[in-house]
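Chain identifiers are assigned alphabetically (A, B, ...) following the order of the sequence lines, protein sequences preceding nucleic acid strands; residue numbering begins at 1 within each chain.
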Amino acid sequence: MSGTTQSKQAQSKHARRTGRGAAPANPPASGGGAAPARRPSGAKRFLESRLADWVLPLVLVAIIVAVWQAVCASGAVEEYVLPAPGDVLGKMFGDFGTFADQSVPTIVAIFVGFALAVVVALPIAVAMVYSAIVRRAIYPLLIIAQVVPKVAIAPLFIIWFGFGQLPKVLMVALICFFPVVIDSLVGFRAARPESLMLVRSMGASRWQAFWKVRWPWALPSIFAGVKVGITLAVVGAVVAEFVGADKGLGVLLITARGDMDSLTVFASIAWLTVIGFVLFVAVEALERILLPGKRGGRSHEASGSL
Amino acid sequence: MAAASAPFIEFDAFTKSFDAVTAVSEMSFELERGEFLAIVGPSGCGKSTLLMALAGLTQPSTGQVRVQGEPVLKPYTDLGFVFQGAELLPWRTALQNVLLQSEIRRAPKQESERRARELLGQVGLDGFEDSYPDELSGGMKQRVALCRALLHDPEILVMDEPFGALDALTRDQIQIDLQRMWMERRKTVVFVTHSIDEAVFLADRVLVFSPRPARIAAEFRVPLERPRHLSARTGPEFTRLVGEIRGVFETLGVLREERK
């Protein structure tokens, strides 16, 4: 009885491995049909490879750009409404000097503002985890600060701090502060109580418990917040530059709009996109370095595509 | 220092209440050094509370827990704790999880690592030192947790339903391994379990707890010779003890043949 079940199990396992549904176990000599150990087809192997992560979106982008180019070439739209992608690309690199020059203050504002947000947000999140008083005092303020439309505050910053870098930096910090602080808070509270009990039974100090348990447990969540934050940081910088600044990609863009210079507007948008994308990828790379360990593995595979 | 006659571990009228609920009431018992004590009782009867109190992670509402005559007022660290879930940190490999113990204690690195590898080898995990918890089976994870609890060679080993989530075969094997490791070291063990068989198989003495608020309903010495083999479970002495403990649960109303 148990023998039959076992052999059946072995059979179905074999069938799964060779990808041949309910086919009866082939006697080895009967061959002639499929190859004995069929490998996954080329297409399937490609789709599961890391290369596909790059190729698939690139193909999609290529299709979109091709359609765009076709629309422009057909003459259905005026050039000042929608310049052709080729022309935009030409502008991006043709006027590279100008764009590079104007990018510097924008990028600096993004970096400094974002760093400021993270440096302020993390300690606040930590304080909120360890002190109920701090949590209760700060939480409502955080919500209110998030609900206030930050774009509406931007003119105020100009009045207070002028047209230089400072209002931009503050705008960037303000706009990406909230996701970082909220996700960090969630992260720091995600540590399993049992893990904390465990290190406590080892005689861990609060400091040790934080760095050995709470911090690593919080990192994935912190990175989730940081990724949202970094994309918002670009928005913050451009908004601040729209409202009033002496230099920057946002200034270039708003000036070009005034001249109906769509090509420059598009090229500025494209460069801003590139900056945002590069920053996001950099954060993801940092995440991969700081979060070692396999979070995939057995259960990951077993949970399939659900 | 306390008098030499003081028992190694002593629960003295230990009571623990959470808000209105009394988890453990006026519990008193003692352990000798090197004794393997098992505690069986229904779910939610406060067994875990007792272990946490011994580890100094929670303080009694009234009464005392004493180790070598000294009341436990802060985390007692000459102790290894094994939880029901292995509680391995997912971003650490098996070896790194074991070494958490020495990192927190700031023990010398090289010596700790040598010991950790040795322990992992003793529980049959050589070759898995660099595997992450997600790549290990439930039994393997619990073995890693056991190694972690033993790394600093503690006097007391506290185990809270450590094998509860394992399948029967894995459980048999890990019980045999635990017995062997205990016989080599003779640490004082407090082992909480739901399984009467497991308690009788492993322990020198079994305490049977009543439902909440927990009190000691019965106490059994297990006179079986060591090392005990799996076959001992079908022996007359073993079956008699298991039957008697089951009988206690029936009298307590924890086990009944029919539901009214």
> Do you know the tightest heavy-atom contact between Gly203(A) and Ile104(B)?
Replying inline: C-CG2, 4.2 Å
>> Just checking Phe8(B): does its CZ atom have more than 12 heavy atoms from other residues, nucleotides or ligands closer to it than 6.0 angstrom?
In response: yes
> Is there a donor-acceptor pair closer than 3.5 Å between any side-chain N or O of Arg200(A) and the backbone N or O of Leu57(B)?
Replying inline: yes
> Below 4.5 Å, heavy atoms only, C-beta onward: do Trp91(B) and Leu291(A) meet side chain to side chain?
Replying inline: no
>> Just verifying a value: how many Å separate Arg148(B) CZ and Met202(A) CE, rounded to the nearest 0.5 Å?
In response: 5.0 Å
> Under 4.5 Å between any side-chain heavy atoms of Ser201(A) and Tyr76(B), yes or no?
Replying inline: no
> For the atom pair CZ (Phe83(B)) and OG (Ser195(A)), what is the distance rounded to the nearest 0.5 Å?
Replying inline: 8.5 Å
> How about Glu184(B): does its CD atom have over 12 heavy atoms from other parts shown lying under 6.0 Å from it?
Replying inline: yes
>> Other residues, nucleotides and ligands only: do more than 12 of their heavy atoms fall within 6.0 Å of OH on Tyr139(A)?
In response: no
> Does atom CZ of Phe277(A) have more than 12 heavy-atom neighbours, drawn from other residues, nucleotides or ligands, at distances under 6.0 Å?
Replying inline: no
> Given the options Gln96(B), His152(B), Gln84(B), Arg106(B), which has more heavy-atom pairs under 4.5 Å with chain A than any of the others?
Replying inline: Arg106(B)
> In Å, rounded to the nearest 0.5 Å, how long is the span from CZ of Arg105(B) to CD of Gln208(A)?
Replying inline: 10.0 Å
> To the nearest 0.5 Å, what is the distance between CZ (Arg192(A)) and CD (Glu87(B))?
Replying inline: 4.0 Å
> Taking atom CE of Met197(A) and atom OG of Ser48(B), what is their separation to the nearest 0.5 Å?
Replying inline: 8.0 Å
> Does a sphere of radius 6.0 Å around CD1 in Ile133(A) hold more than 12 heavy atoms from other residues, nucleotides or ligands, not counting ones at 6.0 Å or beyond?
Replying inline: no
>> Any heavy-atom pair between the side chains of Leu198(A) and Leu100(B) that's under 4.5 Å?
In response: yes
